[in-house]
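So the structure is just underneath, and the comments pick up after that.
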Number of protein chains: 2
Amino acid sequence: MAEPKKSKQEDYHLLDEQVERDVADLFKAFSNPTRIKILFALKHRKLTVSEISEMLSMSQSAISHQLHELKLARLVKFEKQGRKVIYELDDDHIHDIFDLAIEHVKELYHYD
Amino acid sequence: MAEPKKSKQEDYHLLDEQVERDVADLFKAFSNPTRIKILFALKHRKLTVSEISEMLSMSQSAISHQLHELKLARLVKFEKQGRKVIYELDDDHIHDIFDLAIEHVKELYHYD
DNA sequence: TGAATATATGAAGAATTTTTCATATATTAA
DNA sequence: TTAATATATGAAAAATTCTTCATATATTCA
């Protein structure tokens, strides 16, 4: 507080830069094949760490690390059930962004 | 052609895997701060390589390399005007995905 | 409490990605 | 044709990201 007052234009500029950084982080979180596979899997249903680990044939540790990234980016949330941790997609936006991306590549490459 | 016929379920599975790979590629193309800055800039208007290079204070070569990636992912298209090459976002989906991402982070972090 | 199970995490090595540097290609202008 | 300008590109160096390995933490069960 008590900061020198900025012009509206300057404010917008800073705001844009912040949005830009956050969008960059969002897409970075989306950007690795393992994380995409995890998100695809979670699009169908909630899963525990070990279930994901088995589905992707990857070590528990590798999956945990990636889930950590996804948590930081708020792409997934979780609840604990006993010693299990059940992950799911965080919110509808994630579904929406994903659906739009799927729609895009389907139009782009029109498979089959 | 003349491939062994697959069950529908198997087909869907392969299709999903292809979609998954393509979505992964799409997000990977979106995933680096420099590329995000380029795309943000192109969201406003078409730009030449050197304009982008100046705007981001990055070398012409670095920008060219990143534009190359963006071209491969079909996120940008270009037209030549003399010795200049003018880049723009490839299609509406790119705008849409971007807008959704912006909306998402704005809701998530509600700035100001 | 001790053993078993599920997940998390720090650090190091492996792998991938990005930038730089040098130089090539293409276009225009003199 | 030569010089100047804009962009592209291959290879190496720099930076970042991902996985593994070892181990820690947390929970349940006997």
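Naming: A, B, ... by sequence-line order, numbering from 1 per chain.
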Q: On DNA chain D, check which nucleotide each of A:M58 and B:S64 is closest to and give me the residue with the more 5' one.
A: B:S64
Q. Aromatic rings B:F98 and B:F30: how do their planes relate, parallel, tilted or perpendicular, breaks at 30° and 60°?
A. tilted
Does [X] have a side-chain nitrogen or oxygen under 4.0 Å from the phosphate oxygens OP1 or OP2 of [N]?
| X | N | result |
| --- | --- | --- |
| B:Y87 | D:dA8 | yes |
| B:S59 | C:dT19 | no |
| B:H68 | D:dA8 | no |

Between [X] ([atom1]) and [N] ([atom2]), how many Å, whole number?
| X | N | atom1 | atom2 | value |
| --- | --- | --- | --- | --- |
| A:K71 | C:dA8 | NZ | C1' | 7 Å |
| A:Q66 | C:dT16 | CD | P | 14 Å |
| B:E54 | D:dT7 | CD | P | 10 Å |
| B:E69 | C:dT19 | CD | P | 10 Å |
| A:L67 | C:dT7 | CG | P | 10 Å |

Q: Would you verify whether the NZ or CZ of B:K46 falls within 45 degrees of the ring axis of B:Y87 while also being under 6.0 Å from that six-membered ring's centre?
A: no
Q. Would you call A:R74-A:D91 a salt bridge at under 4.0 Å N-O?
A. no
Q.
Using a strict threshold of under 4.0 Å (side-chain N to carboxylate O), is an ion pair present between B:D22 and A:K106?
A. no
(Q) Protein within reach of the bases, or only the backbone? For nucleotides 21-30 of chain C, mark each nucleotide 5' to 3' as B, S or -, using heavy atoms under 4.0 Å. (A) BB---SBB--
(Q) Tell me whether A:R35 contacts the main-chain N or O of A:A29 through its side chain, where contact means a donor paired with an acceptor under 3.5 Å. (A) yes
Could you pull out all donor-acceptor pairs under 3.5 Å where a side-chain atom in residues 50-60 of chain B meets a protein atom, sequence neighbours excluded?
from  : atom 1 : to    : atom 2 : distance (Å)
B:S50 : OG     : B:T48 : OG1    : 3.3
B:E51 : OE1    : B:T48 : N      : 2.8
B:E51 : OE1    : B:T48 : OG1    : 3.4
B:S53 : OG     : B:M58 : O      : 2.6
B:S59 : OG     : B:A62 : N      : 3.0
B:Q60 : NE2    : B:S64 : OG     : 3.2

Nearest heavy atoms of [X] and [Y], plus distance in Å:
| X | Y | value |
| --- | --- | --- |
| B:V105 | A:L26 | CG1-CD2, 4.2 Å |
| A:L39 | A:L89 | CD2-CD2, 3.6 Å |
| A:T34 | A:N32 | N-OD1, 2.8 Å |

Q. Near DNA chain D, which residues from residues 24-49 of chain B have a heavy atom under 4.0 Å away?
A. B:T48, B:V49
